[in-house]
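What you see is a predicted model; the values in this text were computed from it and never measured.
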Amino acid sequence: MIRLSKPTIVDVAKHANVSIATVSRVINQLGGVRKNTEGRILQAIEELNYIPNAVARSMVKKSTKTIGIIIPDVNNPFFPAVVSGIEQKAREKGYFTLLCNTNESADTERELLRIFMERSVDGLVITTADERGDQLQTVIDAKIPIVAVDRAIKKFEVDTVLVGNIDGAYQATRHLILQGHQKIAIICGSQNTTPGYERFVGYKQAMEDYGIPLVDEHILEGDFKEESGNRLTRALYDLPDRPTAILSSNNLMTMGCLKALSELGWKLGEEVSFIGFDDVDIATFINPPLTVVSRPMRKLGEIAFDLLYERMTRSSVQGKRHYVLSPDLNIRQSCRLR
């Protein structure tokens, strides 16, 4: 006989000759059902190809087994790598992930937070578009666990996973200095974000430690987008006294920088040395290959989920937890001695 409608919990109960309540206890793993009865129910579920209603299960178990992930720029290769680490860990623990992109819009982020709350997510991993954190008040009030990745949240004490931005920028700037460069420019990210500000701090600290004066024309603020990297590289090229080295503060701006260098005929690794923040697939295919500050992107996501999982499953976890992972300077041929 061809079944024209989806099987229900009533069909399973009839097929196994038990009550609906008993089927519900087995589906929701509540215990108290004899082994042979549980076996009949599981067999009935398989034979009928019954799929339990996720909403009904969440009402019984007080959990949707779903976590929300909010990132600011899906086009940035850094974030898919982080999300991959989150998703892998989530699947291992039986959680489903909902991924949304704000495109750096605080208003979009507020709307997504509302939608996630309507869907009763069990937890949230976020790289916020607004680090002040006012938009998270309703999530905090609802006692939904939050883990911040890559950017801190100022208003609330939430678990945070970052990479040593200051250390990474310091290493990169020092490498250029030790190669004999003094006219070192930086294309910063947005200064109202943790990575944008901290990477500038690392650059500034290295320059000061080695007694090299800062030049205002060599310190330019971008927005972590490719267009700003392109535009600001052109601004550096137009200076009467061009820098001999450039540090780019993220991978999308690096793409814009490299495009500008090529279009201007400003020879990479010869006329201008270059270091980018974040390794990208094309870094080793460019001629010459790029020196980069590399971050453990997938590891960031894995740790973020582990922290969130503990918050979701253990009420005993107290106090803000703050992880800072170490970056690496991958030295290639885009820098040369002066």
Side-chain angles (χ1 to χ4, degrees), residues 71-82 101-105 127 129 150 163 165 168-169 171-173 175-176 179 181 183-191 193 195-196 199-200 202-203 215-295 297 327-336 338:
I71 60 175
D73 190 353
V74 73
N75 293 313
N76 186 333
F78 169 78
F79 291 109
V82 173
N101 173 49
T102 65
N103 198 29
E104 294 285 7
S105 166
T127 302
D150 190 49
V163 169
N165 293 298
Q171 287 186 51
T173 307
H175 178 67
L176 292 169
Q179 287 195 312
H181 294 275
K183 293 186 287 185
I184 303 170
I186 181 171
I187 297 179
C188 304
S190 303
Q191 291 298 286
T193 67
R199 290 169 197 173
F200 169 67
Y203 160 86
V215 178
D216 289 343
E217 290 81 4
H218 290 172
I219 301 170
L220 303 178
E221 182 177 349
D223 60 3
F224 289 131
K225 302 286 188 180
E226 182 177 331
E227 186 280 331
S228 68
N230 188 303
R231 172 172 46 82
L232 296 175
T233 301
R234 292 175 179 276
L236 293 172
Y237 182 81
D238 288 339
L239 291 175
D241 189 18
R242 294 173 189 159
T244 63
I246 299 173
L247 171 60
S248 168
S249 290
N250 94 319
N251 48 22
L252 290 182
M253 291 195 301
T254 293
M255 298 301 295
C257 293
L258 295 176
K259 184 176 180 181
L261 291 177
S262 175
E263 291 170 348
L264 293 167
W266 200 2
K267 295 180 182 178
L268 176 66
E270 295 182 25
E271 295 176 329
V272 60
S273 291
F274 190 93
I275 297 180
F277 218 101
D278 281 338
D279 216 348
V280 289
D281 290 339
I282 66 166
T284 55
F285 296 108
I286 291 172
N287 186 24
L290 287 185
T291 296
V292 296
V293 178
S294 177
R295 294 188 285 171
M297 297 176 285
D328 291 314
L329 181 62
N330 292 345
I331 298 174
R332 301 186 181 116
Q333 286 75 52
S334 64
C335 302
R336 64 178 298 175
R338 285 289 296 168

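A distance of 12.0 Å separates CG in Asn230 from OG1 in Thr254, rounded to the nearest 0.5 Å. A distance of 12.5 Å separates CD1 in Ile275 from SG in Cys257, rounded to the nearest 0.5 Å. To the nearest 0.5 Å, the span separating CZ on Arg295 from CG on Asn165 amounts to 6.0 Å. To the nearest 0.5 Å, the span separating CZ on Arg242 from CD on Glu217 amounts to 15.0 Å. Rounded to the nearest 0.5 angstrom, Asn101 CG and Thr127 OG1 are separated by 10.5 Å. To the nearest 0.5 Å, atoms CG (Leu220) and OG (Ser228) are separated by 10.0 Å.
In this structure, Lys183 places its NZ atom where more than 12 heavy-atom neighbours from other residues, nucleotides or ligands lie under 6.0 Å away.
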Discussion item. I'd like to know whether Ile71 forms a side-chain contact (heavy atoms from CB on, under 4.5 Å) with Val82, so could you lay out the CA-CA distance, the side-chain angles of the two residues, the decisive distance to 0.1 Å, and finally the verdict.
Written reply: CA-CA 10 Å; Ile71 60 175; Val82 173; over 6 Å; no

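Residues Ile184 and His218 fail the side-chain proximity criterion, which asks for heavy atoms closer than 4.5 Å. Two residues are said to be in side-chain contact when any heavy atoms from C-beta on lie closer than 4.5 Å; Phe79 and Asp150 meet this criterion. For the pair Val272/Pro243, no side-chain contact is recorded, criterion being any heavy-atom separation below 4.5 Å from C-beta on. Taking 4.5 Å as the limit, some side-chain heavy atom of Trp266 sits within range of a side-chain heavy atom of Thr233. Residues Pro195 and Phe224 are in side-chain contact: their nearest non-hydrogen atoms beyond the backbone lie under 4.5 Å apart. Side-chain contact between Cys188 and Leu247 is absent, with no heavy-atom pair separated by less than 4.5 Å. For the pair Asn250/Arg199, a side-chain contact is recorded, criterion being any heavy-atom separation below 4.5 Å from C-beta on. Residues Asp73 and Lys225 form a side-chain contact, since some pair of their non-hydrogen atoms from C-beta on lies under 4.5 Å apart.
Between Arg231 and Asp223 there is no salt bridge, since no side-chain N of the basic residue sits under 4.0 Å from a carboxylate O of the acidic one.
Nearest approach of Ser294 to Asn330, heavy atoms of both residues: CB-ND2, 3.4 Å. Residues Met297 and Ala81 share a closest heavy-atom pair of CB-CB, 3.7 Å. Across every non-hydrogen atom of Phe274 and Ser248, the tightest pair is CZ-CB, 3.6 Å. Nearest heavy-atom pair across Ser249 and Gly189 is CB-N, 3.6 Å. Summarising the geometry of Cys335 relative to Gln179, their closest heavy-atom pair is CB-OE1, 3.0 Å, with the distance given to 0.1 Å.
Panel note: side chain Gln191, backbone Glu221; no donor-acceptor pair is recorded below 3.5 Å. Thr193 places a side-chain N or O within 3.5 Å of a backbone atom of Gly196 that can act as its donor or acceptor partner.
With Asn251 as the partner, the side chain to side chain contact (heavy atoms under 4.5 Å, CB included) test is satisfied by one option alone out of Val292, Leu290, Asn76: Asn76.
Side-chain contact annotation: His181 with Ser273, donor-acceptor N/O pair under 3.5 Å present.
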